[in-house]
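Reading through the structure tokens given below for one structure.
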There are 4 protein chains.
Amino acid sequence: MTCKIHERVHALEDRLIGLRRDFHLYPEAGFTEFRSAAIVAGTLEALGYAVRLGPSAMDRSAMMGVPKKRELERRMERAIRRGADPGLVGRMRGGLTGIVGEMVFGTGPVVALRFDMDANEIDESRDEEHRPAREGFASENPGVMHACGHDGHMAMGLIAAELLAGMKNELTGTVRFIYQPAEEGVRGAAAMAAAGAVSGVDYILGGHIGFKAVRSGGFICGTDRFLATTKFDATFTGVAAHAGAAPHEGRNALLASAAAALNLHALPRHGKGDSRVTVGTLTAGEARNVIPARAVLKGETRGETSEIDRYMFDSAREVVAGAARMQGVDWAVEITGKTGSGQSSPELAGKLKEIAGTIGYFNPDDIALGTHMGGSEDFSHMMTLVQDEGGLGTYFMIGSDITAGHHKASFDFDETCLAPGVEMIVKVVMELMKEGINFSSKNSESDFQIDQ
Amino acid sequence: MTCKIHERVHALEDRLIGLRRDFHLYPEAGFTEFRSAAIVAGTLEALGYAVRLGPSAMDRSAMMGVPKKRELERRMERAIRRGADPGLVGRMRGGLTGIVGEMVFGTGPVVALRFDMDANEIDESRDEEHRPAREGFASENPGVMHACGHDGHMAMGLIAAELLAGMKNELTGTVRFIYQPAEEGVRGAAAMAAAGAVSGVDYILGGHIGFKAVRSGGFICGTDRFLATTKFDATFTGVAAHAGAAPHEGRNALLASAAAALNLHALPRHGKGDSRVTVGTLTAGEARNVIPARAVLKGETRGETSEIDRYMFDSAREVVAGAARMQGVDWAVEITGKTGSGQSSPELAGKLKEIAGTIGYFNPDDIALGTHMGGSEDFSHMMTLVQDEGGLGTYFMIGSDITAGHHKASFDFDETCLAPGVEMIVKVVMELMKEGINFSSKNSESDFQIDQ
Amino acid sequence: MTCKIHERVHALEDRLIGLRRDFHLYPEAGFTEFRSAAIVAGTLEALGYAVRLGPSAMDRSAMMGVPKKRELERRMERAIRRGADPGLVGRMRGGLTGIVGEMVFGTGPVVALRFDMDANEIDESRDEEHRPAREGFASENPGVMHACGHDGHMAMGLIAAELLAGMKNELTGTVRFIYQPAEEGVRGAAAMAAAGAVSGVDYILGGHIGFKAVRSGGFICGTDRFLATTKFDATFTGVAAHAGAAPHEGRNALLASAAAALNLHALPRHGKGDSRVTVGTLTAGEARNVIPARAVLKGETRGETSEIDRYMFDSAREVVAGAARMQGVDWAVEITGKTGSGQSSPELAGKLKEIAGTIGYFNPDDIALGTHMGGSEDFSHMMTLVQDEGGLGTYFMIGSDITAGHHKASFDFDETCLAPGVEMIVKVVMELMKEGINFSSKNSESDFQIDQ
Amino acid sequence: MTCKIHERVHALEDRLIGLRRDFHLYPEAGFTEFRSAAIVAGTLEALGYAVRLGPSAMDRSAMMGVPKKRELERRMERAIRRGADPGLVGRMRGGLTGIVGEMVFGTGPVVALRFDMDANEIDESRDEEHRPAREGFASENPGVMHACGHDGHMAMGLIAAELLAGMKNELTGTVRFIYQPAEEGVRGAAAMAAAGAVSGVDYILGGHIGFKAVRSGGFICGTDRFLATTKFDATFTGVAAHAGAAPHEGRNALLASAAAALNLHALPRHGKGDSRVTVGTLTAGEARNVIPARAVLKGETRGETSEIDRYMFDSAREVVAGAARMQGVDWAVEITGKTGSGQSSPELAGKLKEIAGTIGYFNPDDIALGTHMGGSEDFSHMMTLVQDEGGLGTYFMIGSDITAGHHKASFDFDETCLAPGVEMIVKVVMELMKEGINFSSKNSESDFQIDQ
């Protein structure tokens, strides 16, 4: 059967690549994936999956960093212009672009597969050397680009969904496809989880093209040390005044923000693990000779554990408040993204290692049990929820030669990794749904550390 | 004769206002006053003035805060599109938009009159209550607006030039019209002075509509305590890096700029007089999760004397350098504007007071000898050069009801002040050119202080 | 009579210098002038003055920057050991060392003379070149020294009191001697004023040896631009923690104080006049490897007007509060000294100018009407109170060659200035008490500016 | 034989405790351990050890944070007054208080034992509840106290030396006692290593009473994650000036130090592991109203690896330099202590675990293979040097009930732990010197991590 899977995937490879290129052509930023999600929802529905979308797939109150209403509306119009089903798009109003598609194959474990859909706010390269430009599938949406491979993720998911839908007789249990918006900025997972996306899940898998298993042929089965993170915008509002004649009539928001930036970076660190705090951008003031009345800084905290991130963020908030008081200005801190720490379940990663070994594409020497994340991904939020309920989860990485770093304007990946990725996904689901599987136990205490 | 002047001005009032509204319709920011300057040059030439423009009117090396080449070219094209003489515009390439027009009436004193031409980078109000919008002369140039009255200044100058040109028999000496670009940001006077605009001048007058003599009917004859000022941009260039995975590989330009902003404001003040330092805007960073590689702050120093401003600016430069070193980033400080301190000559202000009393429009109770400036104007640069050579200078203010503060989107002024302004200018020139005038002495030591 | 005064003073010159040297030998810092004050009180009483001391001379609640109780007690013991009257010292318990001595010569104006008594917390030089050391009157009190000439002030006052006491027949009105503690740090005047020291005063005079009229033979009759000032201690209290193992358990008082120091200096300045803010000392932390739990900074604000100083101090307090919040530490701000702005009455200064011209010691070319203070002295508090009630006041400076700057360990002054100083004081009091004096008017509005 | 060791140690327990109490009575701070070292040297010499002291035991150029010459001299005098051998003390001039004592028992491995000698700069409690006070062995040296147990370490070493000296026939190899000064502040190890203290060493052991194995009966066999650390003093030297009259004439060292403190804490962290930076103390300024001309801050950096600490310290130095430049002040950074990271050799820790199990005093449940250090100890410097040459090292912790945290004024430990400590040391040396030992290999690559 394993061979048959390989052949079946192979037969669909052109369509797989075509799907990826279509998504690449029309990239959509976080919470505006109206066209992408409409395609996903339509496809899953056509395959027989029970599809949830809109409010039944996402809890509006848990969404973070949502674009302004007007922006959302323009993006809905664009999606429809690009051929998306207006009915489906209409149900996603407000940026509710998450999709859940589920198929039940009888009693058995619930296996969830999570894919991310959003693109990056980058202008794609138009260089001849950049294949998407040369071959005509570079972004048609100015200022947005799939520079992180989520186009490939979506495509793999849909082909895997098609293959699994045709295996009714070979499977027992439930397979659930979770298509998440706004992974960039860790903004979307919480809202889907809050609406029940991972309820009842026994196994959850997520993954990524490229990253640490960068070379084509590599595969990493699990990831630990996802950093917990909180993204925030701090706004300072003061009073403008003429800098020469009446500085005392002003309230200086720029100085408050500068003091905040410095003191945020100077926060005492947590003794129990690594932490980060970064002010990534700062924009303040209106004119050279006016006491600045407004300043905005965009920052983030991170922590080796969720507790450490919470300590860092809570401290950061006080720094903002104190800096504002120093200058007598008003302040506000808005959370625009947030996820907890996490680590893959070692048993599940081990299972993936076995399966990866059966796939010819992967170079045996380049199949690794695990790696450190060293960054943040809100898959960790879903994975931890599943693990907290006794389930298992893992985050894998599919090696792929890339032409530039992730999030760069000339990023592209080696599409030959897509088919083996689908094969891997399908085989893992099959394996987990096989009767009698017993390596997992809801009672096992996971203290997996990849670096052991 | 005084009566005759009044009548002659009155007869030209409609044209005066029309000129002002034409300038208002097509406002041009500093160093892009191509259309305005072409009109000025063409008009003066037609009246018989010897006109200098381009390199003969401005020393390119002394220009500060000049827009980028491409911006200048687009503005030249716009000026021509708006009907400016292409030949004249072509001679102003590079932003050399200053104009000097001179007429000699025989041996006698050289009287210079300085007008500023630039508009503000503001979107003009389109409210029905805003007369320029209601009456159809609001700015046609998006993002630029005459919100400081320079349109009125230019118009008064041209009508005064016309009147004086017709007084050959009544005058003895030389009258010189100086039309200066880029007064906003104190960027243009130095380049005109460096090209000789005030060489040989015995008397220099400049003035402004509105400001401290805000009410229509008011007139202030002289101004002291022009603050010396230096405008500067400080740029910090570091190295970007991923804020989660490799912050140590970055060099943080944002933190350097924040430290600079704070420490600039914390500079020890000068014991010998008032000083100011302001960081008006700060823009830093590219993305929330990237160590910021670039930051720019726009600031200014001011001083009660030029020496104090120099102390403040020199200290500011060291703060920038030190802040950069703290973060291991590169730095640059560019001076984008600069002028010295200054004060009007009391004898000349006294002369204006006498003359203002002869003009019916001005309310005798609202004619003041002097006021404090409390701000900066690069007329002080020209005035001080004239005074240093033994000449006299003064800066007057023509009262005018205004609809909003200077530099506001709904700024407008009471055009009834324009004609009396022209009358005042013409009469002062006539008085200064009268034979036998002796209140001025190149040897008199000026220690005028308005507040005595 | 003028001649006679000169001769009488001359006859007492040795005693005058002896008194100064005795005070110099036993210097006492602010609010610990127990021996000095006991001598003053005893002498005035013996001369027939009505003497108020202790609570009747000082309002305890208005004292600022008072030493700790234990310190006060040790200083009382020292004073008694040095020969002070234990009864008098006992009445000054708590640092109530101010003395008021008054003598009534019939109906007439009330003339107050104010002298300061405190020494500086400096170790006096023991160099052979330092005359007090060489001639054996250098400080016997370690760590305290008369380095500002208050020893001379006290001596002049006592001799003047003696002379005036003997002029019953020549005078009409009341003369009041105010001996103030704790002028350094502007801590003592408010408490004496609050207890009525300047109530009912028509003329008040205070002065200083040296300063701007530095050379012997010089005399300055009035002073303006006393800067209003507030002295304060800011204390930050956090939580200590091991800097390596558990920094997050600490609350960093040092960082709060550092942020406060920077942001205090960065306060937006007042547009209506000069201001200052200085953090003079900062002491924080316990050990290199412990999160610092305590920090203290000593600072001051100043303003050209009392309003500006109030703005600066109120802003400073908010900076301290905000800096504390940034680090989650507790804070307190204690005012340790405070005085308002002030300026001498020009009529009174003019009167002094006339009188100074009659004293041979003063070089006519070196007698000046006035000068700027450029610093703070809490005499301005008393003077302004008198002026607010329609009285007149002035602050004079008696030129004296000095061997080092004020407040230096090798400071000494030329004692030949003392006798002319006494002569001046006596003559001014006589002149002000002469019948028919009419240059002063309680209704005259004083807008004296020395620099006119 | 094991039994016999126990009995022999037991027989010496009173002397052991007596020694500890004698050291406790006369504590000496880092580099002033003249009396302690003289006792150590004299004792070892008397036992037959070859003793190196003075320049042959310490390389003067590698000493860090050495007290001033005058302080050293006063401490030498005190030591002699307290009965130390003047000849020995004289050879330690300059603070060269390290002692190396070696005994050769024939061919075999070289086993080094390191003990630290310095006390803390703390006033010892005089409370009745504090046993040293109650029983009369509290510190006789004001301001110095053995509050970290080094008195116990020294005593254990001397008794162990006595026992081992008597085992000529049972041992083969070399035993080397290293008595190190100035462990506090990690200042002394480098100078002893530079003079060859660990040259040729095959096994090195160091240890501590209390800490993580706090309870009596506990024992920890090895320690990893010694943080690399650099201790430094940064000095800023500016120019004083009157804060009211002439702030521009000053150069503000306090502001430079405050900016440095903030920006030190704000240093970008290293992505490859944990780091710390702390400014523990800051002292700046002379008087409230004087621009501060001098500031000193005492700080430290730490890193999970020596490379990270080097990154932090190098960055810190630039912050100091930049902060100084911002204020135009001079700066200096002096390293006052420094050690690298380190981790115990797991094979050696394992060997200790076996041996600890044979000692009845230790509770089997409280014998742990390892722990994280989470702090710094310059034993790591010596241990790493030994490991780099292929040797093995470990740092053990002897449990002991303590009455207060280390470095507290009421710190005391349970002396019953001393004898088992000696027994442990002796047995380990015996075991390592037994013929045929083969668990160690100079070629084994150690990647021990305690937490595995």
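In what follows, every chain begins at residue 1, and chains take the letters A, B, ... in the order their sequences are listed. Please read these numbers as outputs of a predicted model, since none were measured by experiment.
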For chain B, the option from [options] that forms the most heavy-atom pairs under 4.5 Å:
options	value
A/Gly337, A/Ala260, A/Ala243	A/Ala243
A/Pro247, A/Gly185, A/Ser376, A/Ser257	A/Pro247
A/Leu254, A/Val277, A/Thr229	A/Leu254

Point to revise | chain B neighbours within residues 234-242 of chain A, where any heavy atom lies under 4.5 Å away | key: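 Only A/His242 of residues 234-242 of chain A have a heavy atom under 4.5 Å from chain B.
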What part of [X] gets within 4.5 angstrom of chain A, counting heavy atoms only: side chain, backbone, both, or neither?
X	result
B/Ala287	backbone
B/Val279	both
B/Leu262	both
B/Thr336	side chain

Review point. Which answer fits A/Leu282, side chain, backbone, both or neither, if we ask what part of it has an atom under 4.5 Å from a heavy atom of chain B?
Key: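 Interface part for A/Leu282: both.
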Check your understanding: Does the side chain of B/Asn289 come within less than 4.5 Å of A/Thr278's, by heavy atoms?
Key ->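 No, their side chains stay 4.5 Å or more apart.
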Check your understanding: Got A/His265 and B/Leu255 here, is their nearest side-chain heavy-atom distance under 4.5 Å?
Key ->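 Yes - at least one pair of side-chain heavy atoms lies under 4.5 Å apart.
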Review point. So which of B/Thr281, B/Asn252, B/Ile291 has the largest heavy-atom pair count under 4.5 angstrom toward chain A?
Key: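 Highest number of pairs under 4.5 Å: B/Thr281.
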Check your understanding: Which one, B/Gly375, B/Ala246, B/Gly299, leads in non-hydrogen pairs under 4.5 Å with chain A?
Key ->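 Of the options given, most contacts go to B/Gly299.
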Exercise for review: Check side-chain hydrogen bond (donor to acceptor under 3.5 Å, both in side chains) between B/His407 and all other residues, then give those that pass, not counting sequence neighbours.
Suggested key: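 Checked B/His407 against side-chain hydrogen bond (donor to acceptor under 3.5 Å, both in side chains); matches are B/Asn120, B/Glu184.
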Point to revise | Residues forming a salt bridge (charged side-chain N to carboxylate O under 4.0 Å, His left out) with A/Arg276, sequence neighbours excluded | key: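 For A/Arg276 the salt bridge (charged side-chain N to carboxylate O under 4.0 Å, His left out) partners, ignoring immediate neighbours, are A/Asp274.
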Review point. So does B/Glu121 have more than 12 non-hydrogen atoms from other groups sitting under 6.0 Å from CD?
Key: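 It does not: B/Glu121 CD has 12 such atoms or fewer within range.
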Exercise for review: Work out which heavy atom in A/Pro292 is nearest to a heavy atom in B/Gly280; give both atom names and the distance.
Suggested key: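 Heavy atoms of A/Pro292 and B/Gly280 come nearest at CG-O, 3.3 Å.
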**Study point:** salt bridge (charged side-chain N to carboxylate O under 4.0 Å, His left out) partners of residues 230-246 of chain A, not counting sequence neighbours, each pair once
**Key:**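 Qualifying pairs: A/Lys231-A/Glu300, A/Asp233-A/Lys298, A/Asp233-B/Arg288.
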